[in-house]
Amino acid sequence: MRGHILTLLVPLGAFASSSKPLKARQSTTTVTVNLDQTYQQIDGFGCSEAFQRAVQMSKLSEDKQQQALDLLFSRTSGAGLSILRNGIGSSPDMSSDHMVSIAPKSPGSPSKPLIYTWDGSDNKQLWVSQEAVKRGVRTIYADAWSAPGYMKTNGNDANGGSLCGVSGATCSSGDWRQAYADYLVQYVKFYAQEGVNITHLGFLNEPDLTTSYASMRSSGTQASDFIKILGPTLQKSNLSHVGINCCDTEGWSSQAGMLGQLSSVDQYLSTITAHAYTSSPGSPMNTKHPVWQTEAADLNGAWQAAWYSSGGAGEGMTWANSIYTAVVNANCSAYLYWIGVQGGNTNSKLVRIDGNNVISSKRLWAFGQWSRFVRPGAVRVGVSGAKSGVKTSAFRNTDGAVAVQFINTGSASAALTVKASGGDSFKVGNATAYITDNSHDLDVLASSLNDGTASVNVPSRSMVTLVLQKQ
Ligand SMILES: *[C@@H]1O[C@H](CO)[C@@H](O)[C@H](O)[C@H]1NC(C)=O
Ligand SMILES: *[C@@H]1O[C@H](CO)[C@@H](O)[C@H](O)[C@H]1NC(C)=O
Ligand SMILES: *[C@@H]1O[C@H](CO)[C@@H](O)[C@H](O)[C@H]1NC(C)=O
Ligand SMILES: *[C@@H]1O[C@H](CO)[C@@H](O)[C@H](O)[C@H]1NC(C)=O
């Protein structure tokens with residue numbers, strides 16, 4: 001039944017000159033990429049090395065450090081991630097996995113200048129940033145989990161509390177909002193001095209949650225009370241090109257619920273950010289700002305390096321699907337995993353450190369199927385004719401190349417032909433397909449091109465990205 005309908009869509013002759021003819025009995029589906037139907041712009045895909053995970057990386061031997069960095073950021077031997085999320089420290093010390101503050105000691109009063117101590121390392125995050133930049137990363141998101149304790153109602157950078165001076169948070173020491181804004185701007189300046197451009201700045205992490213590590217509570221209204229000071233402070237420092245991100249809530253719906261309270265500072269906001277823990281991105285947020293999913297992971301599952309076995313939380317294909325849902329159904333412009341590289345037996349990272357070994361998971365390659373080919377500035381475009389069970393999306397990059405993603409969730413392979421329409425008569429001049437499944441990590445997959453129509457056979461339980469270069 002399925003075969004009869006689909007065969008009508010593509011004349012068999014289309015394969016006549018194909019070097020790898022598809023089996024005659026296999027039905028073929030024609031997917032059309034509509035370059036004139038445009039959706040959101042993409043900022044990228046990424047991860048973090050916060051909470052001294054960068055320090056763990058730095059303890060690897062030099063060659064393994066380079067291998068780990070390549071796995072994350074290289075566009076030829078790794079996932080080609082394009083966003084790095086750094087943690088701005090708030091702790092008075094570096095014990096355990098604490099991120100140390102750039103002004104650990106209180107000046108005594110918010111009217112006195114902050115006492116900065118820049119160590120040129122930032123828990124090795126500066127090094128990871130520089131290495132990422134070397135490999136082409138241009139989007140560095142610096143995010144503070146909390147203000148230093150002396151700026152907060154609870155006098156501690158951990159255990160929640162609020163920034164002194166926002167509504168409902170008064171402190172005998174005074175209003176610390178301007179001091180916190182100065183502090184964040186100084187962090188950006190320290191990085192600039194070291195040659196790294198921070199492009200996005202955040203001042204909250206999971207403000208809807210109190211934890212025993214760095215954490216600070218905030219409502220949308222309280223965030224607005226601070227953004228109206230941070231925005232002008234960036235402007236006065238000639239740093240208005242640094243975008244303000246908010247608010248990295250623990251889940252999607254929590255962030256959606258804060259949007260109304262942020263409307264008064266709309267002119268200062270760059271990007272709306274949320275994590276995927278308590279609820280994951282399923283539908284668009286009601287905002288004109290780009291929306292990023294900035295932290296997701298299988299935090300506790302035992303280390304799983306496989307692509308597909310039962311659809312478990314740590315499997316690569318599960319993450320390929322999650323990215324698809326976020327980008328296609330929830331209008332996300334970026335999607336970040338929690339940690340890139342670290343030790344330990346859980347799936348909270350993409351790449352595991354085991355002794356001096358660096359072991360990639362298929363989660364990394366799932367990210368690579370997107371990130372290597374859907375580059376910052378790409379625009380999502382329409383697709384029609386997608387085969388049932390094969391999640392299909394497409395993007396046009398700034399260099400003109402079109403990247404088409406296929407996630408075959410079914411148990412049979414899918415024979416597809418792909419053509420482009422619109423886009424000022426975009427004519428396909430080269431088609432190259434890349435596959436990740438249980439036995440491939442972003443390997444080249446056979447495909448063919450015949451008169452502007454590409455043909456590719458997408459194996460069951462695989463993700464294939466087809467890159468169409470303009471003629
Ligand atoms: C950082 O910003 C400066 C000034 O805008 C620019 O000249 C430089 O090229 C940027 N560096 C990178 C790596 O983007
Ligand atoms: C910002 O730029 C203006 C114009 O170039 C300059 O006059 C001013 O001193 C700069 N301010 C800072 C804080 O760098
Ligand atoms: C998707 O996000 C863009 C900003 O990146 C916004 O302009 C657009 O309105 C959003 N679309 C929907 C359907 O929410
Ligand atoms: C298409 O591009 C790939 C990857 O860049 C290259 O290896 C291949 O030779 C190109 N094919 C043609 C026909 O230009």
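As the structure lists them, so they are numbered: ligands from 1, and atoms in each ligand from 1. Residues: numbered from 1 along the sequence shown. Nothing here was measured: the structure is a model prediction, and the numbers come from that model.
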* Okay, side chain of R177, backbone of D225: is any donor-acceptor separation there less than 3.5 Å? ->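 Checking the backbone N and O of D225 against the side chain of R177, a donor-acceptor pair under 3.5 Å is found.
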Between [Y] and [X], is the closest basic N to carboxylate O distance under 4.0 Å?
{"X": "R363", "Y": "D298", "value": "no"}
{"X": "E295", "Y": "R85", "value": "yes"}
{"X": "D70", "Y": "R135", "value": "yes"}
{"X": "D437", "Y": "K362", "value": "no"}

* Check the pair Y191 / W118 against ring pair (Phe, Tyr, Trp, His ring centres under 6.0 Å), numbers first and verdict last. => CA-CA 10 Å; Y191 265 69; W118 174 244; 5.7 Å; yes
* Evaluate the ring planes of W145 and W338, with Trp represented by its six-membered ring, and classify them as parallel (under 30°), tilted (30 to 60°) or perpendicular (over 60°). =>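 Ring orientation, 0 to 90° scale: tilted.
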* **Stepwise salt bridge (charged side-chain N to carboxylate O under 4.0 Å, His left out) test for R53 and D97** => CA-CA 8 Å; R53 273 54 170 187; D97 62 359; 3.2 Å; yes
* Asked: For ligand 1, which atoms, with element, lie under 4.0 Å from some heavy atom of R138?
  ->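 Result: 14 (O).
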Quick one: ligand 2 N/O to protein N/O pairs below 3.5 Å?
{"residue": "ligand 2", "atom": "2 (O)", "partner": "N238", "partner atom": "OD1", "Å": "3.2"}
{"residue": "ligand 2", "atom": "2 (O)", "partner": "N238", "partner atom": "ND2", "Å": "2.2"}
{"residue": "ligand 2", "atom": "11 (N)", "partner": "N238", "partner atom": "ND2", "Å": "3.1"}
{"residue": "ligand 2", "atom": "14 (O)", "partner": "N238", "partner atom": "ND2", "Å": "3.4"}

* To do: Could you tell me whether ligand 3 has any atom less than 4.0 Å away from a heavy atom of Q41?
  =>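 Q41 does not count as a contact of ligand 3 under the 4.0 Å cut-off.
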* To do: Just jot down the ligand 3 atoms closer than 4.0 angstrom to any heavy atom of P284, in number order.
  =>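 With P284 as reference, the close atoms of ligand 3 come out as 14 (O).
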* Examine N331 against ligand 3 and note whether any of their N/O atoms are separated by less than 3.5 Å. =>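 In this structure, N331 places an N or O atom under 3.5 Å from an N or O of ligand 3.
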